[in-house]
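The chain is numbered in sequence order, starting from 1. Just so it is clear, the structure is predicted and the values come from calculations on it, not from any experiment.
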Amino acid sequence: MIDVTLNIANQLAAIVPDAIIYREQQEQSFEEPSFYIYEIQSNSKDELMDYQMRSHLYCVVWFPDSSLDDPGVKEQCENMRQKLLDEFSFIDGLQVKVLNKEAKINENTLNLTFKIRYRVTKPQENNQLKELQTNGGLKNG
């Protein structure tokens, strides 16, 4: 099973090494600065020969450091938006490209939505050849 969220978190950690990354909603609040990653939707479309094309729509929320005055929260969000739009284009662990990125600053947070697609196939039963019999000889001889 492929852990897509973990691979996204690893890619974000490579881009912003000092940020905290959450995969679950926090009851109290998120530490700042930090990312929160969640999946919005996923789907799978059947193809020929037991292949499937899977796609996932994700949202990454960036919580800037609200204790800083310079740069301010909005400027931190703008800087992170530019950084993610520039550098978050490929997820190395999955070998997939990040598609349809949209970034929006909402209530002192940055929301980045994106899509990934990849193709999978069902595991095949391994029918090994157990015995091979041949009838050999020389023709005309």
Side-chain angles (χ1 to χ4, degrees), residues 1-139 141:
M1 185 170 122
I2 301 171
D3 190 345
V4 177
T5 307
L6 178 62
N7 283 285
I8 293 169
N10 290 340
Q11 195 66 37
L12 289 172
I15 294 170
V16 186
D18 56 340
I20 299 167
I21 301 173
Y22 296 100
R23 293 177 56 172
E24 300 289 334
Q25 180 73 28
Q26 302 300 303
E27 287 186 26
Q28 298 296 321
S29 65
F30 293 95
E31 287 188 39
E32 298 173 351
S34 64
F35 288 105
Y36 170 48
I37 306 167
Y38 66 94
E39 185 173 18
I40 298 170
Q41 176 182 342
S42 64
N43 65 47
S44 177
K45 294 183 181 174
D46 289 334
E47 295 182 345
L48 296 174
M49 307 293 290
D50 284 336
Y51 282 98
Q52 293 178 351
M53 181 59 74
R54 293 189 182 165
S55 64
H56 300 269
L57 182 61
Y58 270 88
C59 183
V60 171
V61 182
W62 165 251
F63 298 95
D65 190 346
S66 59
S67 66
L68 293 178
D69 291 331
D70 189 29
V73 170
K74 185 168 178 141
E75 186 177 350
Q76 290 177 58
C77 287
E78 290 170 352
N79 292 339
M80 185 56 68
R81 175 179 58 197
Q82 191 64 41
K83 185 174 188 73
L84 292 177
L85 290 175
D86 290 344
E87 298 178 30
F88 186 62
S89 58
F90 195 79
I91 300 173
D92 295 331
L94 297 174
Q95 297 296 305
V96 296
K97 185 154 182 60
V98 176
L99 306 169
N100 305 339
K101 292 184 281 190
E102 291 183 21
K104 185 176 181 183
I105 298 173
N106 254 352
E107 298 179 17
N108 298 329
T109 62
L110 170 67
N111 295 311
L112 175 75
T113 57
F114 60 91
K115 181 179 184 177
I116 62 168
R117 284 188 322 198
Y118 56 92
R119 193 178 210 198
V120 296
T121 184
K122 293 180 183 176
Q124 302 292 325
E125 291 183 25
N126 193 3
N127 294 330
Q128 294 181 352
L129 183 63
K130 298 192 187 315
E131 186 177 320
L132 177 65
Q133 293 182 0
T134 60
N135 294 327
L138 295 175
K139 186 175 182 179

- [ ] Could you go through the side chain to side chain contact (heavy atoms under 4.5 Å, CB included) check for Val61 and Tyr38 one step at a time?
- [x] CA-CA 9 Å; Val61 182; Tyr38 66 94; 4.0 Å; yes
Open item on the list: Can you give me the closest heavy-atom contact between Val73 and Asp65, atom names plus distance?
Closed with: CG2-O, 4.4 Å
Open item on the list: Please give me the minimum heavy-atom distance between Asp3 and Asn7, naming the atom from each residue.
Closed with: O-ND2, 2.8 Å
Task: Heavy atoms of other groups near Glu31 CD, more than 12 under 6.0 Å - done: no
TODO: For Ser67 and Glu32, work out which heavy atoms get closest and say how close.
DONE: N-OE1, 4.5 Å
Open item on the list: Would you say that more than 12 heavy atoms from the other residues, nucleotides or ligands in this model lie under 6.0 Å from the CD of Glu102, or not?
Closed with: no
TODO: Find the distance between CZ (Arg117) and CG (Leu94) and round it off to the nearest 0.5 Å.
DONE: 14.5 Å
Open item on the list: I'd like to know if the side chain of Lys115 reaches the main chain of Asn100, judged simply by a donor and an acceptor atom lying under 3.5 Å from each other, with no hydrogens or angles considered.
Closed with: no
Open item on the list: Taking the side chain as everything from C-beta on, heavy atoms only, tell me whether Leu110 gets closer than 4.5 Å to Leu84.
Closed with: yes
Open item on the list: Using the rule side-chain contact (heavy atoms from CB on, under 4.5 Å), only one of Lys97, His56, Gln95 pairs with Tyr118; which is it?
Closed with: His56
- [ ] Please check if atom CG in Asp69 has more than 12 non-hydrogen atoms from other residues, nucleotides or ligands closer than 6.0 Å.
- [x] no
- [ ] Supply the atom-to-atom distance Arg81 CZ to Asp86 CG, rounded to the nearest 0.5 angstrom.
- [x] 11.0 Å
- [ ] For residues Thr121 and Met49, determine if any side-chain heavy atom of one lies less than 4.5 Å from a side-chain heavy atom of the other.
- [x] no
TODO: For residues Ile20 and Phe63, determine if any side-chain heavy atom of one lies less than 4.5 Å from a side-chain heavy atom of the other.
DONE: no
Open item on the list: Counting only heavy atoms not in Glu24 (residues, nucleotides, ligands), do more than 12 fall under 6.0 Å from its CD?
Closed with: no
Open item on the list: Are there over 12 heavy-atom neighbours, none belonging to Arg23, within less than 6.0 Å of that residue's CZ?
Closed with: yes
TODO: For the residue pair Val60 and Phe114, establish whether any side-chain heavy-atom pair is separated by less than 4.5 Å.
DONE: yes
Open item on the list: So, taking the atom named OG1 in Thr113 and the one named CD1 in Ile40, what distance separates them when rounded to the nearest 0.5 Å?
Closed with: 6.0 Å
- [ ] Applying side chain to side chain contact (heavy atoms under 4.5 Å, CB included), run through Lys101 and Ser89 and close with a yes or a no.
- [x] CA-CA 9 Å; Lys101 292 184 281 190; Ser89 58; 4.1 Å; yes
Open item on the list: Does atom OH (Tyr51) have a neighbourhood of more than 12 heavy atoms from anything else shown, all under 6.0 Å?
Closed with: no
- [ ] Using the six-membered ring wherever Trp is involved, compare the ring planes of Trp62 and Phe35 and label them parallel, tilted or perpendicular (cut-offs 30° and 60°).
- [x] tilted
TODO: Hey, could you give me the OH/OG1 distance between Tyr58 and Thr5, rounded to the nearest 0.5 Å?
DONE: 3.0 Å
Open item on the list: Can you tell me how far apart OG (Ser42) and CD1 (Ile116) are? Round to the nearest 0.5 Å.
Closed with: 10.0 Å
Task: Heavy-atom closest contact (Ser44 atom, Gln52 atom, distance) - done: OG-OE1, 3.0 Å
- [ ] For Gln11 and Ile91, indicate whether the former's side chain and the latter's backbone hold a donor-acceptor pair under 3.5 Å.
- [x] no
Task: Rounded distance (nearest 0.5 Å) linking atom CE of Met80 with atom CD1 of Ile105 - done: 11.5 Å
Task: Val4 vs Arg54 side-chain heavy atoms within contact, under 4.5 Å - done: no
Open item on the list: Assess the residue pair Ile21 and Asn10 against the criterion (side chain to side chain contact (heavy atoms under 4.5 Å, CB included)); give the C-alpha distance rounded to whole Å, side-chain angles, the decisive distance to 0.1 Å, and a yes or no.
Closed with: CA-CA 9 Å; Ile21 301 173; Asn10 290 340; over 6 Å; no
